[in-house]
Number of protein chains: 2
Amino acid sequence: MNVDRQSGQDLDAPTAGPGDGVSIAEAARLSGVSVHTLRYYERSGMMPTTPARTSGGTRRYRKAELEWIHTCTKLRSLGMSTDLIRRYVDLVRAGPGNEADRLHLLEAQRERVLAQQAQLSMDLEMINGKIQTYRERLEQGSADGIWSVPREP
Amino acid sequence: MNVDRQSGQDLDAPTAGPGDGVSIAEAARLSGVSVHTLRYYERSGMMPTTPARTSGGTRRYRKAELEWIHTCTKLRSLGMSTDLIRRYVDLVRAGPGNEADRLHLLEAQRERVLAQQAQLSMDLEMINGKIQTYRERLEQGSADGIWSVPREP
DNA sequence: TCTTGACTTAGAGCGCACTCTAGATTCTAG
DNA sequence: CTAGAATCTAGAGTGCGCTCTAAGTCAAGA
């Protein structure tokens with residue numbers, strides 16, 4: 001059985017009984033995002049499946065939701081916009097048959113990330129150059145001419 | 001003589017005579033940022049030196065400003081906040097003697113970029129895995145079980 | 001049962017980095 | 001000299017991705 005060590009809840013339970021899944025606070029702790037953000041993701045259509053509810057209406061996050069949140073945070077940290085994630089989620093919710101579209105969204109994001117990595121590496125050379133220059137000048141006791149303001153004669 | 005090919009202006013001229021430097025539109029074209037952004041950078045204290053002005057008050061960008069804008073856009077694309085850039089610019093404007101502080105700002109930014117690159121690479125593995133899975137399933141004509149919504153029995 | 005803390009919703013607020021506007025002034029080609 | 005394009009300033013507006021609030025409901029231990 002697949003059980004959360006903290007809450008002792010069965011993450012795979014098929015129904016929304018009172019003891020199934022974990023609370024939103026626990027889901028937040030497990031995924032590293034705030035409860036506010038979890039609710040925001042849900043109401044803005046960024047969850048392929050929404051957490052089950054107890055009879056009182058409180059959310060119970062299970063394996064599917066927790067795994068998606070994990071994926072979702074990775075897509076976000078790869079720079080994928082909430083709008084694109086919504087589009088991806090819409091495809092998933094539409095069910096089988098649009099896998100090529102989903103693939104295309106992911107591949108497009110990968111291309112953006114690769115481009116960004118290349119850009120970062122290029123711009124890093126610049127900052128490394130400046131760091132190197134500062135270090136050399138500091139060894140000599142002077143940093144003139146890097147970005148000092150020229151004095152009027 | 002250092003001359004802009006487009007405007008034919010002397011970028012090194014020491015005084016703010018009417019024909020020295022380039023207009024803000026030309027500076028924008030050369031640096032790839034908008035004229036709005038150039039004015040914003042200036043008034044929010046992100047320019048170590050401000051462009052000279054004609055007698056009528058219009059800006060004339062010269063080599064120093066154009067080079068800084070170039071550096072500044074790279075720092076921005078490395079994710080350095082405008083606040084940190086302002087701090088760096090303040091140090092530069094304060095003149096020689098704080099090179100260690102400047103160096104520290106740049107090194108801290110480099111550390112953040114290196115961490116971000118590592119994170120991007122890690123998260124990219126996830127997206128690559130999903131892309132790979134989708135491709136395989138598409139070859140088989142099915143993408144069930146990646147992020148499909150389970151049907152109720 | 002009671003109490004305390006966690007949870008609910010809809011909607012407002014925030015921080016960042018621009019981006020645009022209005023209305024006046026300046027520049028430049030003819 | 002003149003017309004039209006470019007520029008000026010201070011300040012307002014925008015889009016993104018959260019983040020927080022208010023006013024109430026629910027859950028769980030003593």
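Sequence lines set the chain letters: A, B, ... in the order given, protein chains first and strands last, and positions in each chain run from 1. As the structure is a prediction and not an experimental result, all values here were calculated from the model.
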Next on the checklist: I need the CG-P distance between B:Leu84 and C:dC16, as an integer number of Å.
Outcome noted: 11 Å

Checklist outcome for this item: From CZ of B:Arg86 across to C1' of C:dC16 the rounded distance in Å is 10 Å

Next on the checklist: If I take atom CG in residue B:Asp83 and atom C1' in nucleotide C:dC18, what distance separates them, rounded to the nearest angstrom?
Outcome noted: 15 Å

Checklist entry - Given atom CZ of B:Arg59 and atom P of C:dT26, what is their separation to the nearest angstrom? => result 14 Å

Item to check | Whole-Å distance separating the CD1 atom of A:Ile85 from the P atom of D:dC16 | outcome: 13 Å

Item to check | Nearest to side-chain heavy atoms of A:Arg76, which nucleotide of D:dG17, C:dC27, D:dA27 | outcome: D:dG17

Checklist entry - For C:dA17, does either OP1 or OP2 sit under 4.0 Å from a side-chain N or O belonging to B:Thr37? => result no

Next on the checklist: Using side-chain heavy atoms (C-beta onward) and a distance below 4.5 Å, is B:Glu107 in contact with A:Ile131?
Outcome noted: yes

Checklist outcome for this item: Of A:Ser23 and B:Thr82, the one whose closest nucleotide on DNA chain C sits nearer the 5' end is A:Ser23

Next on the checklist: Nearest to the side chain of B:Ser81, heavy atoms from C-beta on, is which of C:dA17, C:dC7, D:dT19?
Outcome noted: C:dA17

Checklist entry - Which part of the nucleic acid, if any, lies within reach of B:Ser44 when heavy atoms closer than 4.0 Å are counted: base, sugar-phosphate only, or nothing? => result nothing

Checklist entry - Could you state the CD1-P distance from A:Ile24 to C:dC7, rounded to the nearest angstrom? => result 7 Å

Next on the checklist: Using whole Å, what does the distance between atom C1' of nucleotide D:dT7 and atom CZ of B:Arg53 come to?
Outcome noted: 10 Å

Checklist entry - Under the criterion side-chain contact (heavy atoms from CB on, under 4.5 Å), which of A:Gln109, A:Arg110, A:Gln116 is the partner of A:Arg112? => result A:Gln109

Item to check | Qualifying residue, where the test is side-chain contact (heavy atoms from CB on, under 4.5 Å) with B:Tyr41 and the options are B:His36, B:Met46, B:Glu65 | outcome: B:Met46

Item to check | Toward the 5' end of DNA chain C, by each residue's nearest nucleotide, B:Gly56 or B:Met80 | outcome: B:Met80

Checklist entry - Looking at C:dA17, D:dG17, D:dC26, which one has an atom nearest to any side-chain atom of A:Thr58? => result D:dC26

Next on the checklist: Nearest to the A:Tyr40 side chain among C:dC18, D:dG17, C:dC7, which nucleotide is it?
Outcome noted: D:dG17

Checklist entry - Is there a donor-acceptor contact under 3.5 Å linking the side chains of A:Gln140 and A:Glu136? => result no

Next on the checklist: If the cut-off is 4.0 Å, is B:Tyr41 near the phosphate of C:dC18, judged by side-chain N/O to OP1 or OP2?
Outcome noted: yes

Item to check | Residue pair A:Arg102 / A:Leu106, side-chain heavy-atom distance below 4.5 Å | outcome: no

Next on the checklist: In this structure, how many angstroms lie between the P atom of D:dC18 and the CD1 atom of A:Ile69, rounded?
Outcome noted: 13 Å

Next on the checklist: Assuming nearest nucleotide by heavy-atom distance, tell me which of B:Arg39 and B:Arg43 is located more 5' along DNA chain D.
Outcome noted: B:Arg39

